[in-house]
Amino acid sequence: MITDLVPSAPRGTPRHLRLDTLVRLRWLAIAGQSIAVAGVHFGLGFSLPFGWCFLAIAVSAWLNIALRIRFPLSHRLGEGAATALLGFDILQLAALLYLTGGLQNPFAILFLAPVMISATALPPRHTLALGLLAAGLATLLVFLHWPLPWAGTERPVLPPQYQLGNWIALLLGLGFTGIYAWRVAKEARDLSEALAATELVLAREQHLSQLDGLAAAAAHELGTPLATIALVARELSRLAPAEGEMAEDITLLREQVQRCRGILGKLTSLQDDDAGPLDQLSLSLLIEEAAGPQRPFGVPFEITLIGDKPEPVCRRNPGMNYGLGNIVDNAVDFARSKVTITALWTESTVILTIADDGPGFTPEVLMRAGDPYLSRSHAKESRAGGGLGLGLFIAKTLLERSGATLEFSNLPLPATGASIRIAWLRAVFERDDRTAAPSNPELLAPYATE
């Protein structure tokens, strides 16, 4: 069946860090810590608890070796395991800082690294837990730490205001870098998931389109045995008696052979440039195909056609039909009394405006209309129907692939409602090929004040 060929939709699979990634980053940290401790002790001649410092570094190295032995390189960590390993890195760094001056040590800034890694790869609650752990340990290190390594007997005494500034800067850095990294990574993930969902929507149409080629191949392969059957039937008709049951059977056989030839002829023409009248759609028929499935819901449509004859005609495009149908469905959901569809065409452009008399777009949603995965707080008050705006994103993507440019707006006061304007260059709308055409952002400019 066709449905067996279409991959299932993504179900929000959890994000898993590769163990190899954390192990490699920890080896880098171990090398840096070792060089720093050895350089300060032997290179600068500063006094510090060298043995205890290298013991803390060795514990981190032993953990890396154990993970390498226990798990393969391709192993992916669950959210809890990844959080635990990053928490260990924070604790190990806190131990080194405790031995080397606490927050007076300039390397205290490295508290940011595990939190930033978590922000890019783990859910916010895990990042928050790691951020609180780092902040708590940083606070303790303000009061509990060994002296800052220094040469000679007189060690510098940093004023409390400076230490307080270090502490505040570290906390602000944890918060800002964590939120920034999480936001950037979230947008990248959302866009990737939305594009994957769009491909899943198009996958079914793609498989159906592939049936054209399969049908043509099948017709070609069946042509030879069918010709043989026709030849045998003709010979039997010549040799058999002119009347009787055998003659009737042979006549029936020849009729069915002709029928099969007609069917195969239709199959071989599925991919021809001229696929028949049903392959062509006038603009009014395109609107009716989008609005027709929504008429049973009881919301009346007010359809207006403006333009000189002849009316624009396009090739039937499943992506365009789906995109328009999704926008009309969205308008019906939020309309109070009617949905207005206005089609305007000139010699150079085709403009289609779909509007409703509902509450319209909120300012926050209007700024991001057509973007995938609105936040749930925005989605609840938007036209996403409590969803995340993915349907409108898919519709926008499909229409833009047909060469259209979309503009989202609210109706001018005192009217209420939302309006979505879709514009094509007429040459693109009426083109004979089915390849995607680039959209033209300047297409809507002459109609912006209508």
Side-chain angles (χ1 to χ4, degrees), residues 21-68 82-120 127 129-178 180-181:
T21 301
L22 291 185
V23 169
R24 287 178 181 271
L25 290 174
R26 188 176 290 112
W27 280 126
L28 182 63
I30 290 170
Q33 292 168 357
S34 301
I35 293 173
V37 170
V40 169
H41 185 68
F42 297 107
L44 300 178
F46 287 5
S47 174
L48 78 166
F50 183 78
W52 286 107
C53 289
F54 262 92
L55 178 61
I57 297 173
V59 171
S60 187
W62 292 335
L63 176 61
N64 256 10
I65 294 172
L67 291 173
R68 283 291 195 192
T83 303
L85 289 178
L86 291 173
F88 168 82
D89 292 334
I90 294 175
L91 290 170
Q92 190 258 0
L93 177 61
L96 281 176
L97 293 174
Y98 169 78
L99 296 169
T100 56
L103 288 194
Q104 300 178 40
N105 189 325
F107 288 102
I109 194 68
L110 293 177
F111 269 131
L112 300 178
V115 178
M116 185 177 296
I117 294 172
S118 174
T120 59
T127 302
L130 292 173
L132 292 176
L133 174 64
L137 292 174
T139 303
L140 288 176
L141 289 173
V142 173
F143 306 101
L144 302 175
H145 58 82
W146 286 22
L148 181 70
W150 206 259
T153 57
E154 295 185 3
R155 301 177 183 270
V157 178
L158 299 178
Q161 294 85 349
Y162 179 82
Q163 299 186 51
L164 177 63
N166 276 349
W167 178 76
I168 294 176
L170 182 59
L171 295 190
L172 291 177
L174 286 171
F176 176 77
T177 57
Y180 181 82

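Values below: every heavy atom of this structure, side chains too, minus hydrogens, waters and symmetry copies. Everything numeric here is computed off the predicted structure, so don't read it as measured data.
- With values rounded to the nearest 0.5 angstrom, Leu112 atom CG is found 6.0 Å from Leu170 atom CG.
- Note that the CG atom of Asn64 and the CG atom of Leu25 stand 10.0 Å from one another [nearest 0.5 Å].
- With contacts defined as side-chain heavy-atom distances shorter than 4.5 Å, the pair Ile90/Leu130 qualifies.
- Summarising the geometry of Ala56 relative to Leu96, their closest heavy-atom pair is CB-CD2, 4.0 Å, with the distance given to 0.1 Å.
- Between Trp27 and Ile30, some side-chain heavy-atom pair lies under the 4.5 Å cut-off.
- No side-chain heavy atom of Leu48 sits less than 4.5 Å from a side-chain heavy atom of Leu99.
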Run Tyr98 and His145 through ring-ring contact (aromatic ring centres under 6.0 Å, His included) and show every step you take. CA-CA 4 Å; Tyr98 169 78; His145 58 82; 8.0 Å; no
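- Side chains of Trp146 and Thr100: a donor-acceptor N/O pair is absent below 3.5 angstrom, by distance only.
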Evaluate the criterion side chain to side chain contact (heavy atoms under 4.5 Å, CB included) for residue pair Thr83 and Thr127; output intermediate values, then yes/no. CA-CA 8 Å; Thr83 303; Thr127 302; over 6 Å; no
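- Of the inter-residue distances, the one linking Ser47 atom OG with His41 atom NE2 reads 7.5 Å to the nearest 0.5 angstrom.
- Using a 4.5 Å cut-off on side-chain heavy atoms (C-beta onward), Asn166 and Val142 make no contact.
- Nearest heavy atoms, Ala108 versus Gly102: CB-O, 4.5 Å.
- Not counting sequence neighbours, Ser60 has no partner by the side-chain hydrogen bond (donor to acceptor under 3.5 Å, both in side chains) test.
- Ala135 and Leu174 get closest at one heavy-atom pair: N-CD1, 4.0 Å.
- In plain terms, the two heavy atoms of Met116 and Thr177 that are nearest each other are CE-CB, 3.6 Å.
- Residues Leu93 and Asp89 are not in side-chain contact: their nearest non-hydrogen atoms beyond the backbone lie 4.5 Å or more apart.
- Using bins of under 30°, 30° to 60° and over 60° for the plane-to-plane angle, the ring pair Phe54/Phe50 lands in the tilted bin.
- Summarising the geometry of Ala119 relative to Gly178, their closest heavy-atom pair is CB-O, 3.3 Å, with the distance given to 0.1 Å.
- Residue-environment remark: CZ (Arg24) stays at or below the threshold of 12 foreign heavy atoms within 6.0 Å.
- Minimum interatomic distance between Val115 and Ala134 (heavy atoms only, all atoms of both residues): CG2-CB, 4.4 Å.
- Residues Leu103 and Gln163 are not in side-chain contact: their nearest non-hydrogen atoms beyond the backbone lie 4.5 Å or more apart.
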Do Arg26 and Gln92 pass the side chain to side chain contact (heavy atoms under 4.5 Å, CB included) test, and can you show the C-alpha distance, the side-chain angles, and the key distance before you say yes or no? CA-CA 11 Å; Arg26 188 176 290 112; Gln92 190 258 0; over 6 Å; no
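- Put simply, CG on Leu110 and CG on Leu97 are 8.0 Å apart, with the number rounded to the nearest 0.5 Å.
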